[in-house]
Amino acid sequence: MARIRVGIVGYGNLGRGVETALALQEDMELVGVFTRRDPAAVQTLRPGTAVRAITDLETMPGEIDVLVLCGGSKSDLAEQTPQLAGRFTVVDSFDTHVRVPEHFARVDAAARAAGTTAIISTGWDPGLFSINRLFGEAILASGSTYTFWGRGLSQGHSDALRRIDGVAAAVQYTVPSEEAVDRVRAGERPQLSTREKHTRECFVVLEEGADADAVREAIVTMPHYFEPYDTTVTFLDAEELARDHRGMPHGGFVIRSGESSPGTRQTIEYRLQEDSNPEFTASVLVAYARAAVRLDAAGDHGAKTPFDVAPGLLSPKTPEQLRAELL
Ligand code: NDP
């Protein structure tokens, strides 16, 4: 059977992750990376990967089965996904939760008009965690749903630290409160405040001559980002930061705790532990790229979210194999 031809749009952390993930998929092949930058300036992880200008896509619809969109949610995907869905079957990882309905509507209009399929908001959250929140609510009608993130590196919070005067470099980890997780697992169904669910750990390299106390105060009082949490700040030097904080780990839990009859407790827990957030997210995108191609081939066009995609479509195995091996 012909392999699925995949293009990567945008080559940052996620784009590199998709390149890596595709190398493990026997039924898929990478056509190339498409970037807004000068292709000659983009160094790929794998030596054989072709890098082309994003404008080259205009003449390539017949050469690509699906585009995996790896731009940022904040400014790239809101524009790129509807635009490219007008010519290609696509998947994205749009993760601005409150703007998903608006993004869906714009992508849906473009994809329906063009007869393409676009699966948006794949990844792990939104994505796999969303599906597990849905399972929990659908199965345990009486209950509470909890999402804990971490221990993981938060890109947004790390960026916020780096914008503070006196900070040369920094990373931030989001850490779930063990006590809160234990109470949820025990079936207590507690009402948890923001402060009770997660703590934040900051590792900061100061600029020369910077006042450590002033930087610490600026961090722990920063509204929205750190003030609502118990935040610890550890100062270290640039070598220690480079040595001990190189990876981009993440993960978390979705827990549904409920009762099927009075006093009969039922708990569903789904956990992810990622050494690399972008490589894991990319692996999810690649599985959804396969599903998007199958939906497109079946004439099922328009925008979809992970809620709309049957799990069997993610697998390289046939429905017959899946029934024999996994049921
Ligand atoms: P990056 O900032 O690494 O990359 C975003 C875009 O910026 C790239 O597509 C690339 O576009 C451009 N870019 C990358 N590196 C450079 C550079 N050196 N100079 C100039 N431009 C550059 O973002 P990530 O890959 O880490 O994340 C992408 C998105 O993934 C996030 O915004 C988030 O929305 C989503 N995500 C979703 C998750 C989920 O579970 N749903 C989990 C994790 C992330 P170009 O090549 O065109 O220049």
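The basis for the numbers below is simple: all heavy atoms, side chains too, and nothing from hydrogens, waters or symmetry mates. Since the model is a prediction, treat every value here as computed from it, not as a measurement. Counting starts at 1 for both ligands and their atoms, following the listed order.
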**Message:** Applying a heavy-atom cut-off of 4.0 Å, say which part of D125 lies close to ligand 1: side chain, backbone, both or neither.
**Reply:** backbone
**Message:** With a 4.0 Å cut-off on heavy atoms, is P278 in contact with ligand 1?
**Reply:** no
**Item:** Pi-cation contact, Y229 with R200 (under 6.0 Å, within 45°)
**Value:** yes
**Any N/O pair D76/ligand 1 closer than 3.5 Å** = no
**Complete:** Among L128, N13, V284, closest by heavy atom to atom 23 (O) of ligand 1 is N13
**Prompt:** Contact between G127 and ligand 1, counting heavy atoms under 4.0 Å?
**Reply:** no
**Item:** Within-shell test, L77 vs ligand 1, heavy atom, strictly < 4.0 Å
**Value:** no
**Request:** Can you pull out the closest protein heavy atom to atom 42 (C) of ligand 1? Residue, atom name and distance to 0.1 Å, please.
**Result:** T281 OG1, 3.3 Å
**Item:** Heavy-atom closest pair, residues T221 and E217
**Value:** OG1-O, 2.6 Å
**Item:** atom 2 (O) of ligand 1 touched by protein heavy atom at under 4.0 Å
**Value:** no
**Per atom 32 (O) of ligand 1, closest listed option by heavy atom (A41, S73, G71, A53)** = S73
**Asked** So is there a nitrogen or oxygen of F34 less than 3.5 Å from a nitrogen or oxygen in ligand 1?
**Response** no
**Request:** Kindly confirm or rule out a cation-pi arrangement of R151 over Y173, judged by NZ or CZ under 6.0 Å from the six-membered ring centre and within 45° of its axis?
**Result:** yes
**Request:** Give a yes/no verdict on a cation-pi contact between K197 and Y146, requiring under 6.0 Å between NZ or CZ and the six-membered ring centre and an angle within 45° of the axis.
**Result:** no
**Request:** If the plane angle is over 60° it's perpendicular, under 30° parallel, otherwise tilted; pick one for H103 and F94.
**Result:** parallel
**Prompt:** Do H198 and W149 have their ring centres less than 6.0 Å from each other?
**Reply:** yes
**Message:** Please report whether ligand 1 has a polar contact with C70, defined as an N or O pair separated by less than 3.5 Å (distance criterion only).
**Reply:** yes
